[in-house]
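Here is the structure we will look at, set down as structure tokens.
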Amino acid sequence: MSEPIRVVVTGAAGQIAYSLLYIIANGEVFGKDQKLVLTLLDIPPMMGVLEGVVMELHDCAFPLLTEVIPTADPAVAFKDVSAAFLVGAMPRREGMERKDLLSANVKIFKVQGEALNNHAKKDVKVLVVGNPANTNALICSHFAPSIPKENFTAMTRLDQNRARAQIAQRLGTDISNVKNLIIWGNHSATQYPDAANGTANGKPVTDLVEASYLQSDFVTTVQKRGAAVIAARKMSSAMSAAKAAADHIRDWWHGTESGRFVSMGVVSDGSYGIPKDIVFSFPVEIKNKQWKIVQGLKLDSFARSKLDITTKELLEEKEEAMAVCNGN
Ligand code: NAX
């Protein structure tokens, strides 16, 4: 058994965290021999609910969980953390403009970026789940200049998992046989789910599934899957979001097997002609806790037009977010 590492989950009294905390504390992210101290951040009105979550974590009797620290203070939550799941965010309320939501969340992620900068380990791995996830990750990194910007990522793994599930169901094959579907761009309805490099049972997905489906219903089903879950469940995706967050950090921590890539929102380095310094979902491979954007994949004119749309949205979000930060 190694020394415990500290891991923070924000929005810890919320519905995604309720599923996520079980997966983390059960050793499915950092390994079955890695002891953990969990710090749980939420806002002051949620401290009572959070106390109930803490009771349940104790009652699960997880062998790896050495301590649980609930708090409303970012300085306590982020102290010496090696990994941060930033799930908590302001939800969109009825009548709220996209701009209002962005503005509320920029303020939250500014505070949390500063707290990471001042209190976390310098090699902390940060995953932003709270929406708008890509731009929140960018803001967080901006306010944590002492931490490498490669350490800030946004979650598009749920979209990737949704894409894999769609293809596996269509082909009637086991999901573990479906690989390398890519999510490009923003975690929003402009994302581009791309099957051009995907394989199923070692064969190109494009040889197995009609192009007309891959370019229309497949794309829109994945883009709108979150809304479909809300319409059915009357609540947003939580179990699947928690599983995806765990997948994202587990792969970052332990690496990806050769030839398999995963989608992550990362700070663009200009690959594939995407402007630098926006958080954009790319296919990545991971070794020694470092991700690398997979290079040399072909993008046809259809794919390029989709990437342009999602890029434009991310540039607009960045501009709005920076205006909020600068008090404009
Ligand atoms: P809930 O509303 O159930 O929980 C959010 C929790 O965050 C609440 O307990 C709230 O008090 C807390 N919170 C608010 N402000 C906070 C702050 N400043 N510090 C700490 N905690 C704070 O939402 P849930 O369903 O858990 O979703 C959380 C976020 O994930 C939302 O922003 C949602 O839009 C986003 N999602 C992102 C997904 C992705 O793929 N990137 C998919 C799932 C999900 O929709």
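Atoms within each ligand, like the ligands themselves, are counted from 1 in listed order.
Of the protein's non-hydrogen atoms, the one nearest atom 8 (C) of ligand 1 is Asp42 OD2, 3.6 Å. For atom 4 (O) of ligand 1, the closest heavy atom belonging to the protein is Gly14 CA, 3.2 Å. Closest to atom 42 (C) of ligand 1 among all protein heavy atoms lies Leu158 CD2, 3.7 Å. Val129 O, 3.0 Å is the protein heavy atom nearest to atom 37 (C) of ligand 1. Counting only heavy atoms of the protein, atom 33 (C) of ligand 1 lies nearest to Asn131 ND2, 3.7 Å. When only non-hydrogen protein atoms are considered, atom 17 (C) of ligand 1 lies nearest to Ile43 CG2, 3.6 Å. In terms of protein heavy-atom proximity, atom 23 (O) of ligand 1 is nearest to Gln15 CG, 4.4 Å. Protein heavy atom in closest approach to atom 6 (C) of ligand 1: Gly11 CA, 3.5 Å.
Distances from atom 2 (O) of ligand 1 to the protein include no heavy-atom value under 4.0 Å.
Scanning all heavy atoms of the two residues, the minimum distance from Pro74 to Val111 falls at CG-CG1, 4.2 Å. Contact record, Ser19 with Ala242: CB-CB, 3.5 Å, taken as the closest heavy-atom pair. When all heavy atoms of Gly185 and Thr156 are compared, the closest pair comes out as O-CG2, 4.5 Å. Taking all atoms of both residues into account, the shortest heavy-atom contact from Phe143 to Cys325 is CE1-SG, 3.6 Å.
Distances shorter than 4.0 angstrom do not occur between any heavy atom of Met235 and any atom of ligand 1. Under the 4.0 angstrom criterion for non-hydrogen atoms, Ala238 is not in contact with ligand 1.
Note that Arg250 lies outside the cation-pi zone of Phe30, set by a 6.0 Å cut-off to the ring centre and a 45° limit from the axis. Remark: Lys306 is not positioned above the aromatic ring of Trp184, lacking an NZ or CZ atom under 6.0 angstrom from the ring centre and at most 45 degrees off the axis.
In His187, the part holding a heavy atom less than 4.0 Å from any atom of ligand 1 is the side chain. Within the 4.0 Å heavy-atom criterion, both parts of Ala89, backbone and side chain, lie near ligand 1. At a 4.0 Å heavy-atom cut-off, ligand 1 touches Met46 through the side chain alone. Contacts of Gln112 with ligand 1, taken as heavy-atom pairs under 4.0 Å, involve the side chain alone.
Between the choices Val87, Ile230, Ile108, the shortest heavy-atom distance to atom 29 (C) of ligand 1 belongs to Val87. Comparing heavy-atom distances from atom 26 (O) of ligand 1 across Leu40, Val128, Ile16, Leu50 singles out Ile16 as nearest.
For the pair Thr39 and Val76, the minimum side-chain heavy-atom distance is 4.5 Å or more.
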For this session: I would like to know whether Lys149 and Asp277 meet salt bridge (Lys or Arg N to Asp or Glu O under 4.0 Å); could you show each step before the answer?
Result: CA-CA 9 Å; Lys149 58 186 179 183; Asp277 296 326; 3.2 Å; yes

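A donor-acceptor pair under 3.5 Å is absent between the side-chain atoms of Thr71 and the main chain of Leu41, judged by distance alone.
Residue Ser237 has no N or O atom closer than 3.5 Å to an N or O atom of ligand 1.
Against a heavy-atom cut-off of under 4.0 Å, Ala13 is close to the following atoms of ligand 1: 9 (O).
If you look at Trp291 and Phe282, their ring centroids are not closer than 6.0 Å.
Each of His187, Gln191, Glu313, Met155 was checked for a side-chain contact (heavy atoms from CB on, under 4.5 Å) with Asn134, and the lone residue meeting it is His187.
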